[in-house]
There are 2 protein chains.
Amino acid sequence: MESEQIIIDEEKFIPHLSIDCVIFGFHGEQLKVLLPKVKNLDLWSLPGGYVLKDEDIEKAAQRILEERTGVTDIYLEQFYVFGKANRSTGETLKKILLKNNVKINNTSWVFERFVSIGYYALVDFSKVNTKIGIYDEACEWHDIHQLPNLAFDHAEITQKALETLRFMLDDKLIGLNLLPETFTMKELQILYETILDKPLRRDNFQRKILSMGILERVEKKFTGAAHKAPYLYKFIK
Amino acid sequence: MESEQIIIDEEKFIPHLSIDCVIFGFHGEQLKVLLPKVKNLDLWSLPGGYVLKDEDIEKAAQRILEERTGVTDIYLEQFYVFGKANRSTGETLKKILLKNNVKINNTSWVFERFVSIGYYALVDFSKVNTKIGIYDEACEWHDIHQLPNLAFDHAEITQKALETLRFMLDDKLIGLNLLPETFTMKELQILYETILDKPLRRDNFQRKILSMGILERVEKKFTGAAHKAPYLYKFIK
DNA sequence: TATCATTGTTTCATTATGGAACAATGATAC
DNA sequence: GTATCATTGTTCCATAATGAAACAATGATA
């Protein structure tokens with residue numbers, strides 16, 4: 001059987017530089033991360049790729065995200081550069097590319113050290129239709145607290161992304177990007193609790209959020225449950 | 001007259017990647033930035049350089065800092081990556097290298113686009129003995145509010161570094177790195193006011209800082225002035 | 001000894017936060 | 001219909017943090 005061979009044109013990219021994206025979504029009271037799975041290996045990775053020689057790094061991050069996960073036009077924020085000389089080995093990548101039938105010169109820069117720029121993305125879980133990138137076997141959401149076996153230093157990158165998210169929580173109106181158009185106060189609170197990984201008081205949370213004047217009360221949400229129906233809110237533009 | 005020619009060995013470095021450092025110091029009630037001056041041009045730049053192929057980026061930043069300014073072993077923090085495709089032109093660099101008698105292949109990657117990692121450094125102004133790097137004509141401190149003509153997007157990089165410094169002020173114990181061993185409460189307050197660019201109340205500032213329990217009162221400072229002598233403080237290790 | 005400039009501290013009002021209780025309400029069981 | 005239940009929305013009060021003003025202390029000088 002002749003194998004299909006996908007060839008990476010190394011000349012098109014800036015060598016030794018890569019981008020890795022941590023895509024956060026929120027669903028079922030859990031903070032999740034979208035991860036592609038390496039073909040035929042028990043190995044997952046952050047969606048990553050290279051920067052074209054005449055491409056803005058921000059654009060590169062968007063392109064990579066779309067190629068690997070199908071997610072387009074989303075909130076992206078650079079958060080850290082991972083640049084230890086020994087942070088990635090060519091061996092893992094060779095294993096991965098072998099499983100993907102990617103033909104590449106064995107002496108290529110892609111097997112040498114990488115400096116990787118970390119971006120985090122915030123997406124509305126309900127609007128995402130993931131697609132499987134050409135190098136991947138699957139692309140799935142994972143609870144931030146139960147991550148699978150991750151390649152390279154991608155666990156560390158994910159951790160740093162989470163810490164940055166926490167640090168920026170008050171500053172960046174993160175709910176706007178992680179929640180659907182309308183949501184209940186409880187959903188917003190659980191999102192904050194999940195990111196901060198600590199419980200918050202219902203009354204104080206509501207008071208504080210409402211005092212910020214960024215929410216608009218829309219209507220009530222009748223779920224059929226035997227209790228008072230909560231209001232729905234949306235962010236004011 | 002035969003010119004001395006310094007040759008950059010492009011092969012040693014990761015191409016298209018650079019590091020730029022914003023070095024903050026505090027003196028005479030002003031926040032200052034240490035800038036090398038390009039030889040024979042009315043042009044200043046941030047101390048910057050390239051990353052060796054097997055070098056940690058953090059190490060590279062330290063090395064660059066030492067080569068260009070003589071400053072060693074200081075507090076360094078990565079703050080942003082500048083990666084627009086059009087952020088630097090080869091023309092400016094050619095002008096600079098020409099003035100420095102640096103011989104380089106005209107088709108080298110150094111004249112193409114760069115992705116630059118920004119680091120900021122905090123130093124004790126009183127302990128710094130700057131030296132002039134081999135590519136430079138001078139190396140001087142400039143008030144953050146009166147910057148000279150800066151190359152490339154270095155004004156923007158400096159601005160972003162300042163914003164990051166502001167944002168981190170409560171979190172990072174910045175005074176520890178910018179002030180000498182001992183200092184008065186007023187000096188610390190002026191440092192904060194200078195970074196935040198807004199006045200603070202004397203009484204409230206003192207109360208807040210002291211309540212953090214990070215300062216130790218050492219002795220009094222007699223200046224010979226006709227008023228009460230202020231205490232000196234130092235940071236508790 | 002009085003004066004002056006500045007530093008250190010206290011006091012009081014205002015605002016934010018922590019903690020508890022109470023009121024409202026939409027379904028269900030009887 | 002009425003009582004019950006779970007959850008949501010709100011109020012109340014004590015405590016902590018912050019803003020603003022006044023007062024007390026002190027080291028030199030006149």
Side-chain angles (χ1 to χ4, degrees), chain A residues 26 28-30 166-167 169-171 173 175 179-236, chain B residues 26 28-30 166-171 173-175 179-236:
Chain A
F26 184 64
E29 309 202 351
Q30 288 182 335
R166 248 173 224 159
F167 193 71
L169 192 55
D170 285 333
D171 214 58
L173 223 49
L179 290 171
E181 189 77 14
T182 62
F183 47 87
T184 65
M185 188 57 72
K186 178 146 208 173
E187 285 166 344
L188 185 61
Q189 183 180 342
I190 290 176
L191 170 61
Y192 272 70
E193 289 178 330
T194 307
I195 292 175
L196 296 174
D197 202 21
K198 71 175 183 189
L200 301 171
R201 291 183 54 91
R202 193 170 53 93
D203 51 355
N204 291 336
F205 179 79
Q206 169 139 324
R207 183 170 43 189
K208 189 168 177 179
I209 291 284
L210 288 181
S211 76
M212 286 163 47
I214 53 170
L215 291 187
E216 186 185 349
R217 195 175 269 183
V218 204
E219 65 211 306
K220 287 202 172 186
K221 182 189 181 188
F222 294 87
T223 59
H227 56 74
K228 189 173 177 177
Y231 289 102
L232 286 175
Y233 294 88
K234 65 179 180 185
F235 284 97
I236 298 167
Chain B
F26 184 64
E29 308 201 351
Q30 288 182 335
R166 247 171 226 162
F167 193 71
M168 298 290 179
L169 192 56
D170 286 333
D171 213 59
L173 223 50
I174 276 158
L179 290 170
E181 189 78 13
T182 62
F183 47 87
T184 65
M185 188 58 71
K186 178 148 206 169
E187 285 166 343
L188 185 61
Q189 182 180 341
I190 290 176
L191 171 60
Y192 272 69
E193 289 178 332
T194 308
I195 292 175
L196 296 175
D197 203 22
K198 69 174 184 190
L200 301 172
R201 290 184 60 91
R202 193 172 52 90
D203 48 359
N204 294 334
F205 179 79
Q206 169 138 321
R207 179 171 50 186
K208 188 167 179 179
I209 291 284
L210 288 181
S211 75
M212 286 162 46
I214 53 169
L215 292 187
E216 187 185 350
R217 194 174 269 183
V218 204
E219 66 210 308
K220 288 200 171 186
K221 182 188 180 188
F222 294 88
T223 59
H227 56 76
K228 189 173 179 177
Y231 288 102
L232 286 175
Y233 296 86
K234 66 178 177 186
F235 283 98
I236 297 169

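Every chain is numbered from 1, with letters handed out A, B, ... down the list of sequences.
Atoms CZ and CD, on F205(A) and Q189(A) in that order, are 5.5 Å from each other to the nearest 0.5 Å.
Contacts between residues 191-207 of chain A and DNA chain C, defined by a heavy-atom separation under 4.0 Å, are made by R201(A), D203(A), N204(A), R207(A).
Nearest to the side-chain atoms of A229(A) among the listed nucleotides dG26(C), dG27(D), dT8(D) stands dG26(C).
The OH atom of Y233(A) sits 8 Å away from the C1' atom of dG9(D) (whole-angstrom rounding). Whole-Å rounding puts the M212(B) CE to dT18(D) P distance at 11 Å. Here the P atom of nucleotide dT7(D) and the OH atom of Y231(A) are 19 Å apart, to the nearest Å. Going from atom CD of E187(B) over to atom P of dT7(C) covers 10 Å, rounded to whole Å. In this entry the distance linking NZ of K228(B) with P of dT7(C) reads 10 Å, nearest Å. In this entry the distance linking CD1 of I209(A) with P of dT10(D) reads 15 Å, nearest Å. Straight-line distance from the CG atom of L210(B) to the C1' atom of dA17(D): 16 Å, rounded to whole Å. With rounding to whole Å, H227(A) atom NE2 is found 6 Å from dA6(D) atom C1'.
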Q30(A) and T194(A): CA distance, side-chain angles, deciding distance, side-chain contact (heavy atoms from CB on, under 4.5 Å) verdict: CA-CA 7 Å; Q30(A) 288 182 335; T194(A) 307; 5.6 Å; no
Working for side-chain contact (heavy atoms from CB on, under 4.5 Å), residues L232(B) and T184(B): CA-CA 5 Å; L232(B) 286 175; T184(B) 65; 3.8 Å; yes
Full working for ring-ring contact (aromatic ring centres under 6.0 Å, His included) between Y192(B) and F26(B): CA-CA 11 Å; Y192(B) 272 69; F26(B) 184 64; 9.9 Å; no
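Side-chain N or O atoms of E29(A) include none that pairs as donor or acceptor with a backbone N or O of I190(A) at under 3.5 Å. At least one donor-acceptor pair under 3.5 Å links the side chain of E193(A) to the backbone N or O of L200(A).
Here K186(B) does not reach the OP1 or OP2 of dT6(C): none of its side-chain N or O atoms lies under 4.0 Å away.
Comparing T223(A) and K208(A) by the nucleotide of DNA chain C whose heavy atom lies nearest to each, the residue mapping closer to the 5' end is K208(A).
Relative orientation of the F167(A) and F167(B) rings is perpendicular, given thresholds of 30° and 60° on the angle between their planes.
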Base-pairing string, 5' to 3', of DNA chain D - Watson-Crick or wobble, under 3.5 Å, | interstrand: ||||||||||||||||||||||||||||||
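Among all heavy-atom pairs drawn from E181(A) and K234(A), the shortest one is O-CB, 3.3 Å.
Using a 4.5 Å heavy-atom threshold, the side chains of M185(A) and Y233(A) count as touching.
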